[in-house]
Participant: 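Quick one: structure below, then a few questions.
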Protein chains: 2
Amino acid sequence: MANSQFAMAVHVLTMLADNCDERVKSSYLAKSVNTNAVVIRRLLSDLHEAGLVVSRTGYSGGTCLTKDPEDISLMEIYRAVSHGEVFSLHRQKPDKDCPVGKNIESVLCNLQKEIDKAIDERLGNYTLRDIISMVRRGEEIFA
Amino acid sequence: MANSQFAMAVHVLTMLADNCDERVKSSYLAKSVNTNAVVIRRLLSDLHEAGLVVSRTGYSGGTCLTKDPEDISLMEIYRAVSHGEVFSLHRQKPDKDCPVGKNIESVLCNLQKEIDKAIDERLGNYTLRDIISMVRRGEEIFA
DNA sequence: GTATATTGTAACTATTCTTGTTACACTTAT
DNA sequence: ATAAGTGTAACAAGAATAGTTACAATATAC
């Protein structure tokens, strides 16, 4: 199943940025993302580990950002929620008796790192503030 | 489950490049990749659609490359086997009554395209010939 | 201090994607 | 005719993601 955590994370963080002055409830976020509140809380748990949000339990609890939207890059968000890489290495180990099989994994592993770096660089060009601008611009266009 | 088709494709194409003068059998490739021959034939089917290989059925059948390894870029290989993108969009459509939910998808979609472009560019820097060199270099080092 | 609203998290189910396997029609050389 | 291949369909197995239910812990309101 395709992993949509990054998409949900950007969505959620944009919502939080739009409500910087209050604590936002998971049920409210869940409604906008169109999923279950527990799914949102799990996501917020990862974002909290990455230091991007802070939550409070209890009556009038909820979540807010820990820093300004212009100080949160998409790379941070991506790293906070992405476990896997762009492509996976072999599921079964290749045959070590084959000259290619013996070395292909380390070559692919280096390639993986190189691509991850390219993604990081590209995502590092944007902040949450940029996303907010784009979302707002979209609103004007389609309103 | 993580998608390892790109890894297998690079592996298989490297093997074919290493045996340019003969038709290689799927069972031989399967042994090196450590999987079932049908899995390999399915993969070869995608690579054939992309114009990278050609196969022959029957007695002494098998597969070979359609062009020189230096003319096959990793980007072509990636495109031949990767259906999905780096990250997925929302599984369920966001709430259109929410200003963020209404526009976030198109913003993320553009971002997706931008990242895909970054990956293409980076993979475009390498050809199958480079992979062969790296695999051979690895052999010398670890032999 | 009791009731209420909220998070945090565990446990289980459902869904979807990838891989592995079996089976068999079709093709080509000997 | 036989043997050795590919191509592909159909199904089973395995693994990852998301959805759901349940409930303990916590914080406010009254």
Side-chain angles (χ1 to χ4, degrees), chain A residues 1-9 11-12 16 19 22-50 53-64 80-94, chain B residues 1-9 11-12 16 19 22-50 53-64 66 80-95:
Chain A
M1 196 182 303
N3 184 320
S4 61
Q5 299 226 49
F6 177 69
M8 288 197 292
H11 186 155
V12 160
L16 294 180
N19 298 275
E22 39 185 326
R23 286 192 288 272
V24 182
K25 306 193 194 326
S26 62
S27 56
Y28 178 72
L29 296 168
K31 182 166 185 303
S32 176
V33 176
N34 192 13
T35 185
N36 193 294
V38 174
V39 172
I40 297 295
R41 293 205 288 268
R42 276 201 292 245
L43 181 62
L44 289 172
S45 173
D46 286 342
L47 297 176
H48 177 249
E49 269 187 44
V53 303
V54 62
S55 299
R56 261 172 72 173
T57 60
Y59 201 107
S60 78
T63 304
C64 36
V81 298
S82 292
H83 315 294
E85 281 89 5
V86 173
F87 62 86
S88 297
L89 299 185
H90 297 62
R91 211 155 113 173
Q92 312 292 340
K93 294 296 166 205
Chain B
M1 197 183 304
N3 184 319
S4 60
Q5 299 227 50
F6 177 69
M8 290 198 290
H11 185 155
V12 160
L16 294 180
N19 298 274
E22 39 185 326
R23 284 191 289 274
V24 182
K25 302 186 198 334
S26 62
S27 57
Y28 179 72
L29 296 169
K31 184 168 183 304
S32 176
V33 175
N34 192 14
T35 186
N36 193 292
V38 175
V39 172
I40 297 294
R41 293 206 288 269
R42 275 201 291 243
L43 182 60
L44 289 173
S45 172
D46 286 342
L47 297 177
H48 177 250
E49 269 187 44
V53 303
V54 62
S55 300
R56 261 174 69 174
T57 60
Y59 200 104
S60 78
T63 305
C64 35
T66 55
V81 298
S82 292
H83 315 296
E85 280 90 2
V86 173
F87 63 87
S88 297
L89 298 186
H90 296 63
R91 211 154 111 175
Q92 311 292 342
K93 294 296 166 205
D95 182 4

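The chains referred to below are lettered A, B, ... by the order of the sequence lines, with proteins before strands, and numbering in each begins at 1.
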Participant: Let me confirm one number: the OG-NZ distance from B/Ser55 to B/Lys25, rounded to the nearest 0.5 Å.
Facilitator: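 Rounded to the nearest 0.5 Å, the OG-NZ separation comes to 11.0 Å.
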Participant: Please report, rounded to the nearest Å, how far the P atom of C/dT16 is from the CG atom of B/Asn3.
Facilitator: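 Checked: the CG to P distance equals 18 Å.
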Participant: Do any side-chain nitrogens or oxygens of B/Gln5 fall under 4.0 Å of OP1 or OP2 in C/dT19?
Facilitator: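 Looking at the OP1 and OP2 atoms of C/dT19, one of them is under 4.0 Å from a side-chain N or O of B/Gln5.
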Participant: What is the distance, rounded to the nearest whole Å, between atom CE of A/Met8 and atom C1' of D/dA16?
Facilitator: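 A/Met8 atom CE is separated from D/dA16 atom C1' by 13 Å.
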Participant: So which heavy atom on A/Thr63 is nearest to which on A/Leu16, and how close?
Facilitator: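 Shortest heavy-atom contact: O-CD2, 3.5 Å.
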Participant: To the nearest 0.5 Å, what is the distance between CG (B/Leu43) and OG (B/Ser26)?
Facilitator: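 Interatomic distance, B/Leu43 CG to B/Ser26 OG, rounded to 0.5 Å: 11.5 Å.
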Participant: Nearest whole Å is fine: how far is D/dA16 C1' from B/Phe87 CZ?
Facilitator: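 Atom CZ in B/Phe87 sits about 19 Å away from atom C1' in D/dA16.
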Participant: Just wondering, do B/Val39 and B/Met8 contact through their side chains at under 4.5 Å, heavy atoms?
Facilitator: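 The answer is yes; the side chains approach within 4.5 Å.
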Participant: Mark up nucleotides 2-7 of chain C, 5' to 3', with B wherever a protein heavy atom is under 4.0 angstrom from a base atom, S wherever such an atom reaches only the sugar-phosphate, and - elsewhere.
Facilitator: --BBBB
Participant: Between C/dG20 and A/Gln92, is there an OP1 or OP2 to side-chain N/O distance shorter than 4.0 Å?
Facilitator: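 Yes, within the criterion.
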Participant: Could you grab the distance from atom CD of B/Gln92 to atom CG of A/Asn36, nearest 0.5 Å is fine?
Facilitator: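 Separation between the atoms: 11.0 Å.
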Participant: Do A/Pro94 and B/His11 come within less than 4.5 Å of each other through their side chains, counting heavy atoms only?
Facilitator: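 Of all side-chain heavy-atom pairs linking B/His11 with A/Pro94, at least one is under 4.5 Å.
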Participant: What is the distance from atom CG of B/Asp95 to atom OH of A/Tyr28, rounded to the nearest 0.5 Å?
Facilitator: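 With rounding to 0.5 Å, CG (B/Asp95) is 9.0 Å from OH (A/Tyr28).
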Participant: Quick check: closest heavy atoms across A/Glu22 and A/Cys64, and the distance to 0.1 Å?
Facilitator: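 Reported closest heavy-atom pair: O-CB, 4.0 Å.
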Participant: Ignoring hydrogens and geometry, is there a side-chain-to-backbone donor-acceptor pair from B/Asp46 to B/Ala80 under 3.5 Å?
Facilitator: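 Checked: no pair found.
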Participant: Bend across the helix from C/dG1-D/dC30 to C/dT30-D/dA1, to 10°, with axes taken over 5 pairs at each end?
Facilitator: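 Helix axis angle between the two ends: 10°.
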Participant: In whole angstrom, what separates A/Ile40's CD1 from C/dT9's P?
Facilitator: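 The distance from CD1 of A/Ile40 to P of C/dT9 comes to 16 Å, rounded to the nearest Å.
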Participant: Show the distances under 3.5 angstrom between N or O atoms of the protein and N or O atoms of nucleotides 10-12 of chain D.
Facilitator:
from	atom 1	to	atom 2	distance (Å)
D/dA10	N6	B/Arg42	NH1	3.3

Participant: Calculate the interatomic distance between B/Leu29 atom CG and D/dG7 atom P; express it in whole Å.
Facilitator: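 Taking atom P of D/dG7 as the reference, CG of B/Leu29 is at 12 Å.
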Participant: What is the distance, to the nearest angstrom, from the CG atom on B/Leu43 to the P atom on C/dT18?
Facilitator: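 For the pair B/Leu43 CG and C/dT18 P, the rounded distance is 13 Å.
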Participant: For residues A/Leu29 and A/Leu44, determine if any side-chain heavy atom of one lies less than 4.5 Å from a side-chain heavy atom of the other.
Facilitator: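 In contact.
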Participant: Atom CG of B/Leu44 and atom P of D/dG5: how far apart are they, to the nearest Å?
Facilitator: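 It is 15 Å, rounded to the nearest whole Å.
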Participant: Rounded to the nearest 0.5 Å, what's the gap from CZ on A/Phe6 to OG on A/Ser82? Could you check?
Facilitator: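 Taking CZ in A/Phe6 and OG in A/Ser82, the distance rounds to 7.0 Å.
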Participant: Round to a whole Å and report the spacing from CG of B/Asn36 to P of C/dT22.
Facilitator: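 These atoms are roughly 8 Å apart.
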